[in-house]
Amino acid sequence: MRVSVSEARKRLKELIASACRGEEVVIAADGPLLVRLEPVRCRPFRVGILKDRMSGPGPDFLAEMGEDEIRLWEGDDA
């Protein structure tokens, strides 16, 4: 469906509903096409996305850092 900018202002809610149903909605101004309305496709949020791909104990974030790690954190390259 192709509509003018002024028509789109009047029918925006209807045009959004049409786009969400999969219809092509294009807004034009005096000839040239300006905008195509498309629904935003969001993927569902998944917890534990890497649970089957990781194994082992993992890092110990509470372990004491060694001298080399401390120098890296402090930015001391010497």
Side-chain angles (χ1 to χ4, degrees):
M1 160 184 342
R2 184 175 170 171
V3 296
S4 68
V5 174
S6 60
E7 185 179 353
R9 280 190 191 117
K10 297 174 193 170
R11 300 176 45 202
L12 184 58
K13 190 173 181 178
E14 176 190 337
L15 297 174
I16 290 172
S18 295
C20 287
R21 286 192 304 270
E23 295 177 41
E24 183 181 56
V25 178
V26 178
I27 300 172
D30 297 328
L33 304 178
L34 296 177
V35 177
R36 176 177 295 131
L37 293 181
E38 293 181 2
V40 176
R41 305 279 184 216
C42 296
R43 288 188 265 166
F45 180 76
R46 290 180 20 196
V47 175
I49 193 167
L50 296 176
K51 71 176 183 156
D52 297 330
R53 297 181 186 164
M54 297 179 74
S55 62
D60 182 1
F61 293 110
L62 301 177
E64 208 171 299
M65 286 196 289
E67 292 296 322
D68 292 340
E69 288 178 300
I70 292 172
R71 275 196 297 277
L72 286 172
W73 276 101
E74 292 176 346
D76 186 11
D77 294 335

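- Note: the hydrophobic cluster containing V26 does not contain V5 (ILVMFWY, side chain heavy atoms under 4.5 Å, direct or indirect links).
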Tabulate below the donor-acceptor pairs under 3.5 Å that side-chain atoms of residues 14-25 make, not counting sequence neighbours, or state none.
residue : atom : partner : partner atom : Å
E14     : OE1  : R11     : NE           : 3.3
E14     : OE2  : R11     : NH2          : 2.8
S18     : OG   : E14     : O            : 3.1
S18     : OG   : R21     : NH2          : 3.1
R21     : NH2  : E23     : OE2          : 3.3
E24     : OE2  : R36     : NE           : 3.4

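- Taken from CZ in R2 to CD in E7, the straight-line distance is 11.5 Å, to the nearest 0.5 Å.
- Taking the side chain as every heavy atom from C-beta outward, M65 and L72 never approach each other to under 4.5 Å.
- D60 pairs by the side-chain contact (heavy atoms from CB on, under 4.5 Å) definition with L62, A63, not counting sequence neighbours.
- The hydrophobic cluster containing I27 does not contain L12, counting ILVMFWY residues as joined when their side-chain heavy atoms lie under 4.5 angstrom apart, directly or transitively.
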